[in-house]
S.K.: 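So that we are looking at the same thing, I have put the structure below in structure tokens.
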Number of protein chains: 2
Amino acid sequence: MPWRPTRQRKAVLSALHDCAGFTSAQELHEALEADGIPIGLTTVYRALHALDRSGQVDVVREKSGERLYRPRPADGHRHYLVCRDCGLSTAVDADAVERWAEDVAGTMGFAEVEHTVELTGVCDRCRVTPAVRSSAEQHS
Amino acid sequence: MPWRPTRQRKAVLSALHDCAGFTSAQELHEALEADGIPIGLTTVYRALHALDRSGQVDVVREKSGERLYRPRPADGHRHYLVCRDCGLSTAVDADAVERWAEDVAGTMGFAEVEHTVELTGVCDRCRVTPAVRSSAEQHS
DNA sequence: TCAGTTATGGAAATGATTACCATGTGCGTC
DNA sequence: GACGCACATGGTAATCATTTCCATAACTGA
Ligand SMILES: [Zn+2]
Ligand SMILES: [Zn+2]
Ligand SMILES: [Zn+2]
Ligand SMILES: [Zn+2]
């Protein structure tokens, strides 16, 4: 399974790092095109899929089912607290959950256990000044 | 917002209780039709949506994005450990997670916090006798 | 250069879910 | 019981993210 660091793949990874929070495939595609980087939507999906398989991105699903991506921080597996209003996302400490997952799996005799944990809420700022969720401008 | 307990709505709720584990809207629809209960797919979706809003079912999403439903046990909010192979699902104790979620949310200044937690793995039995995931027959 | 593999991207397909809308049903009223 | 209206149903068509197809392009090693 060779891996060619093509212009497109590098562009996707780069564009992903330029985004503050979680971003969808389609948003990324638009952003790239807007930057004058011609790339097919299919290729964006493929690149994200590959990044996911190789563990370079974290993926969450929003209520609609759309997948949102975010470059994974260097220190590995994380979970996030995401504002439903503005999209602001913050990595949180989840050691307790990690331990719990291990525990439960062991107790129940399950193997190859995976977990997804998603926390959503309304952030401090949005409680005061409700914002519309937009990929372009998320307050940092 | 009145609530008429129509033939169809009662049938959906009943069919849902007849299923061992999590079930999709379409599976439910097929099961109902197979039982000679004529009902529109649209109606099944509406009924499940209503049950969800009123907190009578738990919902999870599988990798494909398909929504799976399960009647919520009387004792309220639960999380499940689901076998990726056969679909066997088991409610697990998640007090640790509940507390963690509260904690994190409070610390970060978020309000109206919601969480989704999904545990998947391969169950004891499936490690020995791999089964194909099928809604119809899930070992209990 | 040549062949073989890998990557790209437009268009068409997929598949769950939702929107529309004309029709049907429950139910309180007269 | 008949009437009227709000609520419910269900077929079909639309939506929409994602995937599949497939012909073409780019890359790599010999
Ligand atoms: Zn916010
Ligand atoms: Zn984790
Ligand atoms: Zn199993
Ligand atoms: Zn919980």
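Protein chains get the first letters and strands the later ones, always in sequence-line order, with residue 1 at the start of each.
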S.K.: Over how many whole Å does the gap from A/Lys63 atom NZ to D/dA17 atom P extend?
M.R.: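 Rounding to the nearest Å, NZ of A/Lys63 and P of D/dA17 are 16 Å apart.
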S.K.: Can you tell me how far apart OG1 (A/Thr90) and CE (B/Met108) are? Round to the nearest 0.5 Å.
M.R.: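 Those atoms lie 4.5 Å apart.
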S.K.: Where is the tightest heavy-atom contact between A/Glu27 and A/Phe22, given as atom of each residue plus distance?
M.R.: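 What the structure gives for the nearest pair is OE1-O, 4.4 Å.
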S.K.: Think A/Arg67 has a side-chain N or O under 4.0 angstrom from the OP1 or OP2 of D/dT19?
M.R.: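 Yes, A/Arg67 has a side-chain N/O under 4.0 Å of OP1/OP2 on D/dT19.
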S.K.: Counting side-chain heavy atoms from CB outward, which of C/dT17, D/dT18, C/dT8 is closest to A/Thr43?
M.R.: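 So the side chain of A/Thr43 is nearest to C/dT8.
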S.K.: Does a nitrogen or oxygen in the side chain of B/Gln8 sit under 4.0 Å from OP1 or OP2 of C/dT25?
M.R.: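 Checking C/dT25 against B/Gln8, no side-chain N or O comes under 4.0 Å of OP1 or OP2.
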S.K.: Find which nucleotide of DNA chain C each of B/Arg4 and B/Arg61 is nearest to by heavy atoms, and output the residue with the more 5' nucleotide.
M.R.: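 Taking each residue's closest nucleotide, the earlier one in sequence belongs to B/Arg61.
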S.K.: Do A/Arg72 and A/Asp58 sit within salt-bridge range, that is, some charged N less than 4.0 Å from a carboxylate O?
M.R.: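 Yes, charged N to carboxylate O under 4.0 Å.
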S.K.: Please determine if a side-chain N or O atom of B/Thr6 lies less than 4.0 Å away from the OP1 or OP2 oxygen of C/dT25.
M.R.: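 B/Thr6 to C/dT25 OP1/OP2: no side-chain N or O under 4.0 Å.
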S.K.: Would you kindly give the CD-to-C1' distance between B/Gln26 and C/dG15, to the nearest whole Å?
M.R.: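 It works out to 8 Å between those atoms.
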S.K.: Within the supplied structure, the quantity of interest is the number of heavy atoms (other residues, nucleotides, ligands) at a distance under 6.0 Å from A/Glu102 CD; does it exceed 12?
M.R.: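 Counting other residues, nucleotides and ligands, CD of A/Glu102 stays at 12 neighbours or fewer.
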S.K.: Starting at atom CD of A/Glu62, determine the distance to atom C1' of D/dC16, rounded to an integer number of angstrom.
M.R.: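 In whole Å, D/dC16 C1' lies 12 Å from A/Glu62 CD.
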S.K.: Figure out the CZ/P separation between B/Arg9 and D/dT9, and round it to whole Å.
M.R.: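 After rounding, the gap between these two atoms is 4 Å.
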S.K.: Starting at CG of A/Leu41 and ending at P of C/dA12, how long is that distance when rounded to a whole Å?
M.R.: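 Spelled out: CG on A/Leu41 to P on C/dA12 is 15 Å.
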S.K.: Strictly below 4.0 Å: does A/Arg7 bring a side-chain N or O up to OP1 or OP2 of D/dA25?
M.R.: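 So the side-chain polar atoms of A/Arg7 never come under 4.0 Å of the phosphate oxygens OP1 or OP2 of D/dA25.
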S.K.: Which nucleotide in the set C/dT25, C/dG9, D/dT12 lies at the smallest distance from any side-chain heavy atom of A/Thr42?
M.R.: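 Of the candidates, C/dG9 comes closest.
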S.K.: To the nearest angstrom, how far is B/His29 atom NE2 from D/dT9 atom C1'?
M.R.: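 It works out to 12 Å between those atoms.
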S.K.: What's the closest nucleotide to the side chain of B/Glu66 if the choices are C/dC20, C/dA16, D/dC21?
M.R.: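 Ranking C/dC20, C/dA16, D/dC21 by closest atom to the B/Glu66 side chain puts C/dA16 first.
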S.K.: Using whole Å, what does the distance between atom C1' of nucleotide C/dT18 and atom CZ of B/Arg53 come to?
M.R.: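 Value for this atom pair: 13 Å.
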S.K.: Between B/Pro71 and B/His17, which heavy-atom pair has the shortest distance, and what is it?
M.R.: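 So the two residues come closest at CB-NE2, 3.5 Å.
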S.K.: Rounding to a whole Å, what distance do you find between A/His49:NE2 and D/dA17:P?
M.R.: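 Atom-to-atom, A/His49 to D/dA17, this comes out as 18 Å.
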